[in-house]
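Everything below concerns the one structure shown next.
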Amino acid sequence: QVQLGESGGGLVQAGGSLRLSCAVSGRTVSSYAIAWFRQAPGKEREFVSGINWSGGSTYYADSVKGRFTISRDNAKNTVYLQMDSLKPEDTAEYYCAAVPPREPYRSTTYYYSARNYDYWGQGTQVTVSS
């Protein structure tokens, strides 16, 4: 019903930048919370960044604060993740995920957990070389 498609991954040297895009189809992007997760080989999937339904609030994992910026373009039904000052430890498969508004109200912690998301993209690989 809802489909997500990531793009923009690739190979970049440490200190470089990439911008990931998540195109959403089937629903209005403004109706959903959107988040980026990443998973490296041998590690669990971890929360990277999220944006709320209106786009007025953004959230970041401590490991990416000050380097990554999430934004939303409702007219294009697209969420972006601008990644600057990339480090080798950022190397992972990056996924975007979406979830509709929940009732009753859920705390921010709820949205940090991958298991609470209903829709997922196929992933895009980001590799940062030393």
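FYI, side chains are in, hydrogens and waters are out, and symmetry mates aren't considered; it's all heavy atoms of this structure.
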Hey, is the main chain of T78 close enough, under 3.5 Å, to the side chain of D73 for a donor-acceptor pair?
-> no
Establish, yes or no, whether the cationic atom of R45 lies under 6.0 Å from the six-membered ring centre of W36 and within 45° of the ring axis.
-> no
Heavy atoms of G9 and L20 approach each other most closely as N-CD2, 3.6 Å
Apply the ring pair (Phe, Tyr, Trp, His ring centres under 6.0 Å) test between Y112 and each candidate in Y117, F37, F47, Y60; give the one that qualifies.
-> F47
Using the six-membered ring of Y94, assess whether NZ or CZ of R38 lies under 6.0 Å from its centre and within 45 degrees of the ring axis.
-> no
Under 6.0 Å from the six-membered ring centre of Y111 and within 45° of its axis: does the NZ or CZ of R106 meet both?
-> no
Working to the nearest 0.5 Å, report the span between OG of S130 and CD of Q13.
-> 10.0 Å
Taking the side chain from Q39 and the backbone from E93, do they hold a donor-acceptor pair closer than 3.5 Å?
-> no
Any chance CD of Q3 has more than 12 other-residue heavy atoms, nucleotides or ligands included, within less than 6.0 Å?
-> no
S17 vs Q82 side-chain heavy atoms within contact, under 4.5 Å = yes
Spell out, as yes or no, whether a donor-acceptor pair under 3.5 Å connects the side chain of T91 to the backbone of P88.
-> yes
Electrostatic pair R102-D118, nearest N-O below 4.0 angstrom = yes
For the residue pair L86 and L18, establish whether any side-chain heavy-atom pair is separated by less than 4.5 Å.
-> yes
Would you say the side chain of S49 lies within less than 4.5 Å of the side chain of F68, judging by non-hydrogen atoms?
-> no
OG (S71) and CD1 (I34) are apart, to the nearest 0.5 Å, by 12.0 Å
Residue from V126, T69, V48, D90 passing side-chain contact (heavy atoms from CB on, under 4.5 Å) with M83 | V126
